[in-house]
Protein chains: 2
Amino acid sequence: MTDHLRLDLDDYLPYLVHRVGSALAARFTAETLARHDLSIAMWRVLAALSANGEQRQIDLAAMTSIDVSTLSRLVTRLVRRRLAIRRRSKSNSREVVVQLSPAGRALVERLIPVARNLEDTAIAGVSRKDLAVAKRLLRRMHGNMAGQP
Amino acid sequence: MTDHLRLDLDDYLPYLVHRVGSALAARFTAETLARHDLSIAMWRVLAALSANGEQRQIDLAAMTSIDVSTLSRLVTRLVRRRLAIRRRSKSNSREVVVQLSPAGRALVERLIPVARNLEDTAIAGVSRKDLAVAKRLLRRMHGNMAGQP
DNA sequence: TTACAACAGTTGCATTGGCAAGTAAACTGA
DNA sequence: TCAGTTTACTTGCCAATGCAACTGTTGTAA
């Protein structure tokens with residue numbers, strides 16, 4: 001068969017990215033999130049809230065790559081579990097602002113060191129320089145995708 | 001707040017990886033797969049079959065990061081659509097072997113150039129050398145995760 | 001051999017997820 | 001100023017997913 005009709009997955013970037021993403025999510029879920037009864041999606045939302053402070057749901061959705069409708073329900077669950085607070089924006093009453101509750105903040109702060117640890121495990125044996133190159137490339141790729149979503 | 005309790009997402013590798021993976025999947029789905037009525041998961045299975053030939057479902061599941069039960073049903077759908085063939089293994093009758101049908105192969109061969117194209121778009125402006133570094137790192141990360149799943 | 005464990009796959013069940021349609025608020029411009 | 005559009009969010013519906021339980025097969029070791 002001619003070569004351009006074959007795809008070597010081990011050299012195909014989308015495959016490599018997806019595989020690593022899945023492995024990271026699976027590990028973090030099994031080793032850490034499960035015992036707190038959190039899904040990986042919940043963790044992403046909590047981490048985004050922690051990193052960027054209170055946000056509208058639409059911004060959270062963009063940050064976490066979660067669909068807005070899914071996110072709406074997810075926030076409902078987080079609120080029910082008293083990990084997040086949702087309120088109507090003062091300045092624009094069609095918007096909703098989500099923020100961490102004290103309990104949510106405490107939980108995230110306990111999880112962040114564990115998350116860092118997993119990252120360290122994942123990149124064991126990689127030079128600081130190569131790591132920087134890879135991060136730059138991933139940011140670049142994301143930028144390149146931003147054209148028409 | 002002390003620094004180790006904060007997480008800068010734009011510098012956190014699992015976040016960068018997940019974000020890029022989602023963007024790639026969303027683009028490929030919207031621009032290409034949708035018109036063939038394929039999900040991203042179906043594409044991954046077809047691509048894995050194309051790259052590695054006929055396989056047991058358990059191997060396919062590992063290749064695609066799809067749960068075995070989900071994969072079982074997914075293959076059923078592919079078979080119904082005459083894109084794949086499933087048969088009991090001769091040598092070991094508890095195993096099942098999945099392979100592309102001629103129609104499935106034809107479809108994959110039409111999609112592969114498009115997939116390559118998307119990869120090229122994603123890595124536009126990246127040097128060959130940096131790309132190689134990033135791919136090595138992603139393979140390494142996956143290896144580092146393989147410890148206890 | 002034969003009991004027991006490990007393996008491959010499938011299915012039941014409940015949860016989750018995404019799309020499309022709906023609600024309500026805030027712009028827009030003529 | 002007010003009809004039409006856009007924006008932010010929610011909800012109904014159904015497909016897809018994941019876990020656990022189950023079936024059947026193969027491997028193991030006494």
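So you know, we letter chains A, B, ... as the sequences are listed, proteins then strands, and number each from 1.
Checking R94(B) against S89(B) by side-chain atom types alone, no donor-acceptor pair falls below 3.5 Å. For R27(B) and T32(B), the side-chain atoms include no donor-acceptor pair closer than 3.5 Å.
Residues satisfying the salt bridge (charged side-chain N to carboxylate O under 4.0 Å, His left out) test with R19(A), not counting sequence neighbours, are D10(A). Residues meeting the side-chain contact (heavy atoms from CB on, under 4.5 Å) test with I85(B), sequence neighbours left out: Q99(B), S101(B).
Note: CZ (R87(A)) to P (dA8(D)) measures 17 Å, nearest angstrom. Rounded to an integer number of Å, the gap from L74(A) CG to dC9(D) C1' is 15 Å. Rounded to whole angstrom, the span from the CD1 atom of I58(A) across to the P atom of dT6(D) amounts to 15 Å. We find that CG of L71(B) is positioned 13 Å from C1' of dG18(D), with the value rounded to whole Å. A straight line from CZ of R86(A) to C1' of dA8(D) spans 12 Å, rounded to a whole angstrom. The distance between atom CZ of R56(A) and atom C1' of dT10(D), rounded to the nearest whole Å, is 16 Å. In this structure, the CD1 atom of I66(B) is 13 Å from the C1' atom of dG18(D), given to the nearest Å.
Clustering ILVMFWY residues whenever any of their side-chain heavy atoms sit less than 4.5 angstrom apart, transitively, puts V97(A) in a cluster other than the one holding L46(A).
Mapping heavy-atom proximity under 4.0 Å, the span of DNA chain C touched by chain B runs 5' to 3' from dA6(C) to dC13(C).
Closest-nucleotide positions on DNA chain D for R88(A) and A41(B) were compared, and the one nearer the 5' end corresponds to R88(A).
Proximity of a side-chain donor or acceptor of Y15(B) to a complementary backbone N or O of D8(B) within less than 3.5 Å is not detected. A distance-only check finds no donor-acceptor pair linking the side chain of T70(A) to the backbone of I66(A) [under 3.5 Å].
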TODO: Scan nucleotides 19-29 of chain D nucleotide by nucleotide, 5' to 3', and note B when protein non-hydrogen atoms come under 4.0 Å of the base, S if they reach only the sugar-phosphate, - if neither.
DONE: B----BBB---
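E95(B) and K90(B) are not joined by a salt bridge, as no carboxylate oxygen comes within less than 4.0 angstrom of a charged side-chain nitrogen.
Over its length, the helix from dT1(C)-dA30(D) to dA30(C)-dT1(D) turns its helix axis by 30°, as judged from the five terminal pairs at each end, rounded to 10°.
A salt bridge (Lys or Arg N to Asp or Glu O under 4.0 Å) with D130(B) holds for exactly one of R140(A), R139(A), R136(A); it is R136(A).
Around atom CZ of R88(A), more than 12 heavy atoms belonging to other residues, nucleotides or ligands sit under 6.0 Å away.
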Can you give each donor-acceptor pair under 3.5 Å made by side-chain atoms of residues 118-126 of chain A, sequence neighbours left out, with the distance rounded to 0.1 Å?
residue, atom, partner, partner atom, Å
E119(A), OE2, L13(B), N, 3.0
T121(A), OG1, N117(A), O, 3.1

